[in-house]
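Index from 1, following the sequence. Just so it is clear, the structure is predicted and the values come from calculations on it, not from any experiment. Numbering of ligands and ligand atoms starts at 1, following listing order.
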Amino acid sequence: MAENKYDVIVIGSGPGGYVAAIRCAQLGFKTAIIERYASLGGTCLNVGCIPSKAMLDSSHHFHDAHHKFKEQGIEVSGIRLNLPQMVKRKADVVNQTTGGVAFLMKKNKIDVFTGHGRFVDAKTIEVLADKGSGKASATLSTDKVIIATGSKPASIPNVVIDKKRIISSTEALEITKLPKTLLVIGAGVIGLEMGSVFARLGTKVQVIEYTDSSIGGMDGALGKEITKVMKKDLGVEFFFKHKVTGAVASAKGVTVTADNAKGEPVEFKGEYCLVATGRKPYTDNLGLDKAGVNMDERGRIAVDGDLQTNVPGIYAIGDVIKGAMLAHKASEEGVFVAEKMAGQHPHINYRAIPGVVYTWPEVAGVGYTEEELKAEGIPYKSGSFPFRASGRARASMDTDGFVKILAHKETDEMLGMHIIGPRAADMIMEGVAGLEYRGSAEDFAIFSHAHPTFSESIKEAAMDATGKRSIHM
Ligand code: FAD
Ligand code: NAI
């Protein structure tokens, strides 16, 4: 059994953990990282952000080839889906990306321990490499710990994810025989992204959602628009105000039961049922009690403003603590904690962390939503610009969607930017910069935007917000 002493040990190698480890090493800490899976990168790189985007990109090309090429004057025939190849390409992308993290660990002289990390006490962690025996393959001691153990799919009462017919996003990303029908529980981020992948490939997708809209946490106008476009372009059916009450799997399919808006029982049948009803923090067998670390009422690790737990020297970041479950949020927190440990004065502006849904058109938002401004009684004004009035969007046949800018009614400070449209994921960075620098809507109306670009629509929306002086509407 190896004995090792570190300045910092990071448990979990997702975008929170591996980024924290690199920043710790850069700051001169002797650092180790423990990961229970053979490949590094966590949910995001292995079964989340990266593979889902690979499948979204491939399915987007497939859909365009069927539905847009002809109008563009490209005659192709015999387009066929090779789903095993699509899934293989996705796996290659994942392997390259996780391999890149392994390289970065070596480059930064971070010791990697493969196995399940568990606290023995607040300064000692054992690594359980052999699941069967439960014996530690290494016992590590440390001054400080960063817990970055992430999250796992959560289900709802009477719906058990059997990983065969009733599946989470992890299994959905591995399907190599295209289902004719797919039921999706939840019109949140995973529901819309994975629903898009299958609908674009030809599956009949039905989304069953408890609330009255898609992507509930985002500005309401975005949810309305993406629902409309997914119905129109992909034929996705949405069943809002339907509370799922159960799911039963057979060898060939799944029956989902729900109560509709009137409280009447209804039934849905599909080859698979994708459960996309949120994720829960993962702290199984972590030995938090041995270290004396407290959880909050929702099963997350409780942290203070420095992201430190109630035990001095033990920090937690990413999906396992409060806040948005986003890769870049986890990474920002990783850097924050490393710099705090080094005595620096880092800062995270949570209001300026963008959220993106990689449907097509993409959906992106940052800052206050209109619903939040109303609820908080903040006086605001709003400007918007539709992509159908953008020359660039017409050129690429991407005319659905709009940019919406929210600014303070009196000061003109930009409070929120919400985009549904082509490349919204990249364009939202203008909004992030605006919020970080506390820019005004007027600033964005003045900035020169290259022509023709999708981002000109941001300038036009800003002009609209500052006095209805949009040029092209
Ligand atoms: P994770 O990435 O969950 O990493 C935690 C790691 O800790 C895991 O590797 C786990 O094995 C390991 N671990 C846990 N316990 C132990 C232990 N005791 N010992 C050792 N190792 C342990 N976010 C975005 O921002 N953009 C996206 O496009 C996006 N797409 C997504 C798509 C899908 C399908 C899913 C499921 C999620 C997506 N997310 C996306 C969310 C994103 O993946 C998470 O927010 C992010 O991975 C959280 O990072 P983390 O480091 O906190 O935890
Ligand atoms: P989510 O929280 O986005 O959506 C869950 C949806 O399920 C909600 O709309 C909710 O109302 C609905 N729901 C809950 N119970 C229900 C019931 N009984 N019947 C019907 N509907 C019900 O969660 P999701 O989509 O599972 O994603 C999990 C996390 O992963 C999110 O927090 C997200 O941040 C992250 N993620 C981020 C991505 C991105 O940044 N592009 C992509 C995928 C996931």
Side-chain angles (χ1 to χ4, degrees), residues 10-20 33-37 39-53 55-56 98 113-119 125 127-128 147-159 168-170 172-173 184-195 207-218 223 239-246 256 258-259 274-287 316-321 323-331 333-334 353-359 362-364 425:
V10 181
I11 310 178
S13 72
Y18 88 77
V19 170
I33 191 164
I34 308 172
E35 171 53 58
R36 63 203 293 271
Y37 289 121
S39 69
L40 302 175
T43 303
C44 179
L45 275 61
N46 289 282
V47 292
C49 325
I50 298 299
S52 62
K53 266 79 261 177
M55 292 303 286
L56 278 155
T98 57
F113 290 87
T114 303
H116 185 100
R118 185 169 68 182
F119 283 99
I125 296 169
V127 182
L128 309 171
I147 304 171
T149 50
S151 63
K152 290 274 176 209
S155 192
I156 51 174
N158 305 320
V159 178
S168 73
S169 51
T170 304
L173 287 163
V184 178
I185 310 179
V189 196
I190 292 180
L192 295 200
E193 288 189 0
M194 293 310 300
V207 180
I208 312 160
E209 165 59 45
Y210 177 63
T211 68
D212 61 358
S213 67
S214 300
I215 44 172
M218 300 186 89
F239 298 87
F240 292 114
K241 296 188 188 168
H242 278 63
K243 185 183 176 192
V244 170
T245 51
V256 169
D259 289 338
L274 168 64
V275 183
T277 51
R279 294 177 60 86
K280 58 181 182 210
Y282 181 73
T283 56
D284 289 4
N285 199 22
L286 189 54
I317 60 172
D319 280 12
V320 80
I321 65 165
M325 287 186 166
L326 295 173
H328 42 291
K329 178 255 191 191
S331 299
E333 290 179 338
I353 291 181
V356 173
V357 190
Y358 293 81
T359 46
E362 291 175 339
V363 184

What do we get for S151 next to ligand 1 when only non-hydrogen atoms under 4.0 Å count, side chain, backbone, both or neither? backbone
Would you mind listing which atoms of ligand 1 come within a distance below 4.0 Å of any non-hydrogen atom of C44? 2 (O), 43 (O), 47 (O)
Between T149 and G12 (side chain of the first, backbone of the second, donor and acceptor by atom type, cut-off under 3.5 Å), is there such a pair? no
Atom 52 (O) of ligand 1: nearest protein contact (heavy atom, Å): D319 N, 2.9 Å
Answer yes or no: does an N/O atom from I185 fall short of 3.5 Å to an N/O atom of ligand 2? no
Show the atoms of ligand 1 that are less than 4.0 angstrom away from any heavy atom in Y358. 28 (O)
When you look for heavy atoms under 4.0 Å from ligand 1, do you find them on the side chain of S52, its backbone, both, or neither? side chain
Below 3.5 angstrom, do we get any N/O pair linking L326 and ligand 1? yes
Do the side chains of K152 and T170 get nearer than 4.5 Å, heavy atoms only? no
The option among P157, C49, G188 carrying the non-hydrogen atom nearest to atom 4 (O) of ligand 2 is G188
Ligand 1 N/O within reach of V47 N/O, cut-off under 3.5 Å: no
For the 3.5 Å polar cut-off, considering only N or O atoms, please tell me whether I190 and ligand 2 meet it. yes
Proximal atoms of ligand 1 relative to K53 (non-hydrogen, under 4.0 Å): 27 (C), 28 (O), 29 (C), 30 (N)
Would you mind checking which non-hydrogen protein atom is closest to atom 53 (O) of ligand 1, with the distance to 0.1 Å? G150 CA, 3.1 Å
Whether S13 side chain and G41 backbone form a donor-acceptor pair below 3.5 Å: yes
Report, as yes or no, whether the 6.0 Å neighbourhood of atom CZ on F240 holds more than 12 heavy atoms from other residues, nucleotides or ligands. yes
Looking only at protein heavy atoms, identify the closest one to atom 41 (C) of ligand 1 and say how far it is in Å. M325 O, 3.7 Å
Just to be sure I read this right, does ligand 2 sit under 4.0 Å from the backbone of I156, its side chain, both, or neither, counting only heavy atoms? side chain
Does G16 reach ligand 1 with a nitrogen or oxygen that is under 3.5 Å from one of the ligand's nitrogen or oxygen atoms? yes
Can you tell me the protein heavy atom closest to atom 20 (C) of ligand 1 and the distance? R36 N, 3.4 Å
Just by modelled atom types, is the A154 backbone N or O under 3.5 Å from a matching donor or acceptor in the T277 side chain? yes
Filtering V244, V357, I208, L274 for the heavy atom nearest atom 19 (N) of ligand 2 leaves V244
Considering non-hydrogen atoms of the protein only, which is the closest contact for atom 33 (C) of ligand 1, and what is the distance? G48 CA, 3.3 Å
So which protein heavy atom does atom 42 (C) of ligand 1 come closest to, and at what separation? C49 SG, 3.9 Å
Should Y358 be counted as touching ligand 2, given the test is an N or O pair under 3.5 Å? no
Say whether H328, considering both its backbone and side-chain N or O atoms, lies within less than 3.5 Å of an N or O atom on ligand 1. yes
among protein heavy atoms, the one nearest atom 24 (C) of ligand 1 is A327 N, 3.5 Å
When you compare ligand 2 with E209, is there at least one nitrogen or oxygen pair between them that comes in under 3.5 angstrom? yes
Using a 4.0 Å heavy-atom threshold (strictly under), name the region of T283 that reaches ligand 1: side chain, backbone, both or neither. neither
Nearest-neighbour protein heavy atom for atom 9 (O) of ligand 1, which is reported as residue plus atom name and distance: E35 OE1, 2.6 Å
Between T43 and ligand 1, is there a nitrogen or oxygen pair with a distance under 3.5 Å? yes
Those atoms of ligand 2 less than 4.0 Å from some heavy atom in R279: 28 (C), 29 (C), 30 (O)
Distance under 4.0 Å to a non-hydrogen atom of G186: what atoms of ligand 2 satisfy this? 6 (C), 7 (O), 12 (C)
Could you tell me whether some N/O pair between T211 and ligand 2 is separated by less than 3.5 angstrom? no
How does H242 reach ligand 2, if at all, at less than 4.0 Å between non-hydrogen atoms: by side chain, backbone, both, or neither? backbone
Show which atoms of ligand 1 fall inside a sub-4.0 Å distance from at least one heavy-atom site of A330. 49 (O), 52 (O)
Within the 4.0 Å heavy-atom cut-off, what V356 brings close to ligand 2 is backbone
Is there a polar contact between ligand 1 and S169, counting only N or O atoms under 3.5 Å apart? no
Which atoms of ligand 2 have any heavy atom of L326 under 4.0 Å away? 34 (O), 40 (O)
With heavy atoms under 4.0 Å as the rule, classify the contact between M194 and ligand 1 as side chain, backbone, both or neither. neither
Quick one: which ligand 1 atoms are inside 4.0 Å of a heavy atom on G318? 52 (O)
List every atom of ligand 2 that sits less than 4.0 Å from any heavy atom of Y210, numbering the atoms from 1 in the order shown and giving each element. 16 (C), 17 (C), 19 (N), 20 (C), 21 (N), 22 (C)
Checking E362 side chain against A425 main chain: does a donor-acceptor pair fall under 3.5 Å? yes
Residues T43 and D319: side-chain donor-acceptor under 3.5 angstrom: no
Ligand 2 to E193, heavy atom cutoff 4.0 Å, flagged ligand atoms 39 (C), 41 (N), 42 (C)
Within the 4.0 Å heavy-atom cut-off, what K329 brings close to ligand 1 is neither
Here the atoms of ligand 1 under 4.0 Å from any heavy atom belonging to Y37 are 11 (O)
For A148, take its heavy atoms, then give the atoms of ligand 1 lying under 4.0 Å from any of them. 5 (C), 6 (C), 7 (O)
Can you check which of T149, I190, V19 brings a heavy atom nearest to atom 15 (N) of ligand 1? T149
Please report the shortest heavy-atom distance between A20 and I317, naming the atom on each side. CB-CD1, 4.1 Å
Whether G115 lies under 4.0 Å from ligand 1, heavy atom: yes
Which of the atoms in ligand 1, numbered in the order shown and given with their element, are less than 4.0 Å from a heavy-atom of Y282? 14 (C), 15 (N)
Any donor and acceptor pair, going by atom type alone, linking the side chain of N158 with main-chain N or O of T245 inside 3.5 Å? yes
